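Just so you know, these numbers come straight off a predicted model, no measurement behind them. In what follows, chains carry the letters A, B, and so on, assigned in the order in which the sequence lines appear, proteins first and then strands, with residues in each chain numbered from 1.
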There are 2 protein chains.
Amino acid sequence: MFTSSEENYLKAIYHLGITSNKGVSTNAIAKRLRTKASSVTDMVKKLADKNVLVYRKYQGVSLTKEGNKTAANIIRKHRLWEVFLVEKLNFNWDEVHDVAEQLEHIKSPKLINELDALLGFPKYDPHGDPIPDNEGNLDQIEKSLLATLTINEFGICVGVHDSSSTFLQFLDKQKIALGQEITVIEKEDFDGSMTIKINNKKISISNKIANNLYIQKVQNGQ
Amino acid sequence: MFTSSEENYLKAIYHLGITSNKGVSTNAIAKRLRTKASSVTDMVKKLADKNVLVYRKYQGVSLTKEGNKTAANIIRKHRLWEVFLVEKLNFNWDEVHDVAEQLEHIKSPKLINELDALLGFPKYDPHGDPIPDNEGNLDQIEKSLLATLTINEFGICVGVHDSSSTFLQFLDKQKIALGQEITVIEKEDFDGSMTIKINNKKISISNKIANNLYIQKVQNGQ
DNA sequence: AAATATTTTTAGTCTTGTCTAAAAATAAAT
DNA sequence: ATTTATTTTTAGACAAGACTAAAAATATTT
Ligand SMILES: [Mn+2]
Ligand SMILES: [Mn+2]
Ligand SMILES: [Mn+2]
Ligand SMILES: [Mn+2]
């Protein structure tokens with residue numbers, strides 16, 4: 001079907017296409033895949049021939065319906081494997097990404113369906129990212145960056161924006177994990193840092209941290 | 001470290017080297033990997049440069065200590081994944097090989113060690129083949145081809161020589177599985193077929209079948 | 001031992017995916 | 001509206017891994 005390299009391009013374009021409604025630029029793809037723009041142009045032509053994306057010279061690319069589904073399926077595999085590594089193989093959430101990058105390219109529909117079942121059909125991966133279903137649909141929950149909350153607002157920590165291992169290890173050190181309740185106590189105008197209550201303790205976090213934590217606001221406020 | 005292609009060559013040479021004490025021939029490798037002799041020559045030179053095998057023109061190749069260990073490690077991964085697929089993901093023993101061929105190339109020491117633990121440190125794969133330990137050692141049990149047993153000899157079915165899906169599916173149909181006791185009732189000189197007792201039933205099997213089933217003879221005969 | 005057959009190697013080509021350097025198109029600045 | 005800067009594409013090259021066809025070495029027959 002598709003080579004690992006082709007799959008990586010599709011995945012990159014999928015992720016970059018979520019934000020922008022315009023075509024995804026050659027340079028953006030090159031940057032994300034740590035490759036050169038010229039390589040991207042070559043590959044993009046090949047993928048256009050395979051009808052998974054449309055490409056207009058100098059105008060960037062966008063995935064077709066089929067390309068979108070293919071990309072979502074790779075992401076589905078990536079995230080399911082991440083759940084497996086954490087839930088079954090005692091990996092920490094900062095250790096899973098690189099291995100999942102390899103496992104996502106394994107070809108076997110039965111494998112991934114059975115894995116899904118073994119894990120109890122999880123809806124989110126260890127970083128709080130939604131797992132697409134077999135059709136490529138994923139349910140988007142209402143979540144906000146912690147930095148956007150105002151004083152006294154609170155909610156559940158449901159995801160990370162940056163999932164680099166340095167950030168995740170930092171969160172481990174601060175005992176911040178998904179599922180925990182976070183309340184905004186104070187916000188500093190000067191540097192955007194805030195004091196939050198978590199685990200019944202007050203801690204201070206920088207603006208950069210607050211901009212990388214997703215919170216699901218609690219509706220029926222107490 | 002090694003590419004998937006290099007790993008497949010090492011594995012092939014390992015398997016072919018077990019029987020012969022001489023160098024493994026270019027043609028034998030080509031046949032096993034369904035490639036051409038000229039391709040083998042190229043690759044074999046590259047692997048010799050990497051010190052995993054010794055190559056003398058026209059004399060075939062043999063693995064070095066390091067090559068042997070590398071090959072055994074790939075086989076360890078292959079067989080552990082096969083156990084995983086059968087034990088955890090409801091695969092039948094005739095469905096696992098092709099997926100394991102892909103999974104064996106995933107690079108992550110932690111992954112394979114944790115998988116080993118999850119499975120309870122199995123010693124044999126679903127086809128009765130031994131799983132090498134981390135050092136590449138594997139315990140060889142005493143086993144004989146069913147065809148070599150004489151009348152009234154009996155033992156436990158512990159492995160298959162041919163693990164093609166057609167053969168495995170045939171065994172399923174005949175309700176022959178690993179772990180079952182088999183007793184030789186009768187042998188026909190004419191075609192080498194035999195009548196055996198299994199599951200308290202007598203069935204007749206051809207010489208070809210008997211030459212592909214491994215039996216561990218029971219010592220303390222009853 | 002010479003002739004024939006088989007195996008193995010060499011030489012040259014191809015595809016995939018990458019790269020650099022230069023040319024062309026588009027965007028931003030004056 | 002030009003000029004300048006940035007982005008994108010083209011052209012040409014390279015490494016990995018495979019292939020075909022031909023040459024060379026080894027094995028087998030006669
Ligand atoms: Mn990931
Ligand atoms: Mn993730
Ligand atoms: Mn196998
Ligand atoms: Mn096996």
Among [options], which is the nearest nucleotide to the side chain of [X]?
X     : options               : result
B:S5  : D:dA18, C:dT9, C:dC19 : D:dA18
A:T41 : D:dT9, C:dT10, D:dC19 : D:dT9
B:K45 : D:dT8, C:dT18, C:dT10 : C:dT10

>> Are there over 12 heavy-atom neighbours, none belonging to B:K107, within less than 6.0 Å of that residue's NZ?
In response: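 Yes, NZ of B:K107 has more than 12 neighbouring heavy atoms, counting only those of other groups under 6.0 Å.
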
Can you tell me the distance, in whole Å, between the [atom1] atom of [X] and the [atom2] atom of [N]?
X     : N      : atom1 : atom2 : result
A:E6  : C:dT15 : CD    : P     : 16 Å
A:Y58 : C:dA28 : OH    : P     : 16 Å
A:N8  : C:dT16 : CG    : P     : 17 Å
A:R56 : D:dT7  : CZ    : C1'   : 16 Å
B:K22 : C:dT7  : NZ    : C1'   : 13 Å
B:D42 : C:dT13 : CG    : P     : 15 Å
A:Q59 : C:dA27 : CD    : P     : 7 Å
B:I29 : C:dT8  : CD1   : P     : 9 Å

> Quick one: do A:K217 and A:E142 make a salt bridge, cutoff under 4.0 Å?
Replying inline: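 So A:K217 does not pair with A:E142 through a salt bridge.
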
>> Assess whether a salt bridge exists between B:K110 and A:E95, defined as any Lys/Arg side-chain N lying under 4.0 Å from an Asp/Glu carboxylate O.
In response: yes

Any side-chain N or O of [X] under 4.0 Å from OP1/OP2 of [N]?
X     : N      : value
B:N27 : C:dT8  : yes
B:Y55 : C:dT9  : yes
B:Y9  : D:dA18 : yes
B:T3  : D:dA16 : no
A:K36 : C:dA21 : no
A:K57 : D:dT7  : no
B:S39 : D:dC19 : yes

> Can you tell which of B:K45, B:K50, B:K11 makes a salt bridge (Lys or Arg N to Asp or Glu O under 4.0 Å) with B:E6?
Replying inline: B:K50

> Name the one of A:D125, A:D133, A:D116 that satisfies salt bridge (Lys or Arg N to Asp or Glu O under 4.0 Å) with A:R76?
Replying inline: A:D116

>> side-chain contact (heavy atoms from CB on, under 4.5 Å), that's the test. Do B:L63 and B:V52 meet it? Break it down for me.
In response: CA-CA 6 Å; B:L63 297 179; B:V52 283; 5.5 Å; no

> At under 4.0 Å between heavy atoms, what does B:T26 touch on the DNA or RNA strands: base, sugar-phosphate, or nothing?
Replying inline: sugar-phosphate

> With a 4.0 Å cut-off on heavy atoms, is A:K31 in touch with a base, just the backbone sugar-phosphate, or nothing at all?
Replying inline: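 It contacts nothing in the nucleic acid.
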
> So, does the side chain of A:S38 form a donor-acceptor pair with the base of C:dT20 at under 3.5 Å?
Replying inline: yes

